[in-house]
Amino acid sequence: MAVRANQIFVNLPVKDLKKSVDFFTKVGFEFNAQFTDDLATCMIIGENIYAMLLVEERFHSFITKKIANAADTTEVIVALSVDSREQVDAVVQAALDAGAKPYNEPQDHGFMYGRSFQDLDNHLWEVSYINLSAFPSNQTE
């Protein structure tokens with residue numbers, strides 16, 4: 001049986017929820033007020049795609065391990081696909097303007113273009129556009 005999830009919720013620890021909400025609002029994301037309180041918020045990334053931003057105290061209530069220090073280690077890269085190269089640039093530039101730090105140089109592979117940034121809590125985000133019609137074929141002739 002193949003697993004096909006209906007939704008995805010990425011849970012991310014944040015130090016200051018208000019600053020994180022302000023930051024991601026400037027990037028262009030919206031939030032679901034129904035799932036928002038002083039300790040957490042639900043950021044809407046796309047249809048059925050969400051990031052739960054949880055203050056570290058709340059995040060820690062779900063785990064028994066230590067919270068990774070994202071400034072020193074990387075546990076995950078949140079990778080988002082958008083509709084155009086221009087949208088890649090717009091999203092990343094909005095993040096940088098809102099206080100994000102750049103991460104890696106832009107990647108241009110012809111069929112795929114991407115840029116990345118670190119948010120206020122040093123979580124890594126990649127934004128990319130993939131032109132499937134220009135994707136190189138893996139078939140040999």
Side-chain angles (χ1 to χ4, degrees), residues 1-140:
M1 172 179 84
V3 175
R4 299 285 185 252
N6 296 319
Q7 298 176 316
I8 183 170
F9 291 85
V10 176
N11 294 276
L12 295 173
V14 299
K15 293 191 182 316
D16 185 318
L17 186 61
K18 182 180 179 341
K19 284 184 180 178
S20 292
V21 169
D22 290 345
F23 169 79
F24 283 109
T25 298
K26 290 175 184 173
V27 174
F29 291 103
E30 297 177 336
F31 298 85
N32 183 336
Q34 184 178 4
F35 297 106
T36 299
D37 60 24
D38 292 340
L39 300 177
T41 190
C42 178
M43 185 171 77
I44 302 165
I45 296 175
E47 186 175 343
N48 301 319
I49 306 168
Y50 310 93
M52 295 299 300
L53 306 180
L54 307 159
V55 295
E56 289 181 346
E57 171 190 342
R58 179 73 172 126
F59 187 90
H60 208 306
S61 72
F62 293 103
I63 61 174
T64 57
K65 299 190 289 182
K66 293 183 347 183
I67 295 174
N69 178 349
D72 296 328
T73 61
T74 301
E75 186 171 24
V76 66
I77 299 171
V78 181
L80 308 177
S81 175
V82 296
D83 293 330
S84 68
R85 293 171 63 99
E86 294 78 18
Q87 192 174 10
V88 169
D89 290 336
V91 170
V92 173
Q93 190 59 53
L96 296 173
D97 291 346
K101 293 180 272 192
Y103 195 80
N104 286 338
E105 293 296 317
Q107 302 291 309
D108 190 344
H109 302 285
F111 69 94
M112 183 172 70
Y113 173 70
R115 293 179 61 192
S116 56
F117 65 90
Q118 293 181 90
D119 67 19
L120 301 180
D121 291 283
N122 294 302
H123 302 296
L124 299 180
W125 294 78
E126 284 186 349
V127 185
S128 64
Y129 166 68
I130 301 171
N131 179 352
L132 292 178
S133 66
F135 191 81
S137 173
N138 289 334
Q139 299 175 353
T140 56

- Has Gln7 got more than 12 heavy atoms of other residues, nucleotides or ligands less than 6.0 Å from its CD? yes
Shortest non-hydrogen contact from [X] toward [Y]:
X     : Y      : value
Ala40 : Leu17  : N-CD2, 3.5 Å
Asn11 : Met52  : OD1-CB, 3.3 Å
Asn48 : Asn6   : CB-O, 3.3 Å
Lys19 : Leu120 : O-CD1, 3.5 Å
Phe31 : Ile44  : C-CD1, 4.0 Å
Leu53 : Ser20  : CD1-CB, 4.2 Å

- According to the interplanar angle, ranging from 0 to 90°, do the rings of Phe24 and Phe29 count as parallel (below 30°), tilted (30 to 60°) or perpendicular (above 60°)? perpendicular
Reported [atom1]-to-[atom2] distance for the pair [X] and [Y], which is rounded to 0.5 angstrom:
X      : Y      : atom1 : atom2 : value
Ile67  : Glu57  : CD1   : CD    : 10.0 Å
Arg115 : Tyr103 : CZ    : OH    : 15.5 Å
Glu30  : Met43  : CD    : CE    : 11.5 Å
Asn131 : Met112 : CG    : CE    : 12.0 Å
Ile130 : Asp83  : CD1   : CG    : 11.5 Å
Phe23  : Asp97  : CZ    : CG    : 10.0 Å

Examine distances only and state if a side-chain atom of [X] and a backbone atom of [Y] form a donor-acceptor pair shorter than 3.5 Å.
X      : Y      : result
His60  : Pro13  : no
Gln107 : Glu105 : yes
Asp121 : His123 : no

- Item | Note: Arg85-Asp89 ion pair, threshold 4.0 Å (strictly below) | no
- Item | Ring centres under 6.0 angstrom apart (Phe135, Phe111) | yes
- Task: In sequence, state the C-alpha distance, the side-chain angles, and the governing distance for Asp22 and Lys26, and then conclude on salt bridge (Lys or Arg N to Asp or Glu O under 4.0 Å).
- Result: CA-CA 6 Å; Asp22 290 345; Lys26 290 175 184 173; over 6 Å; no
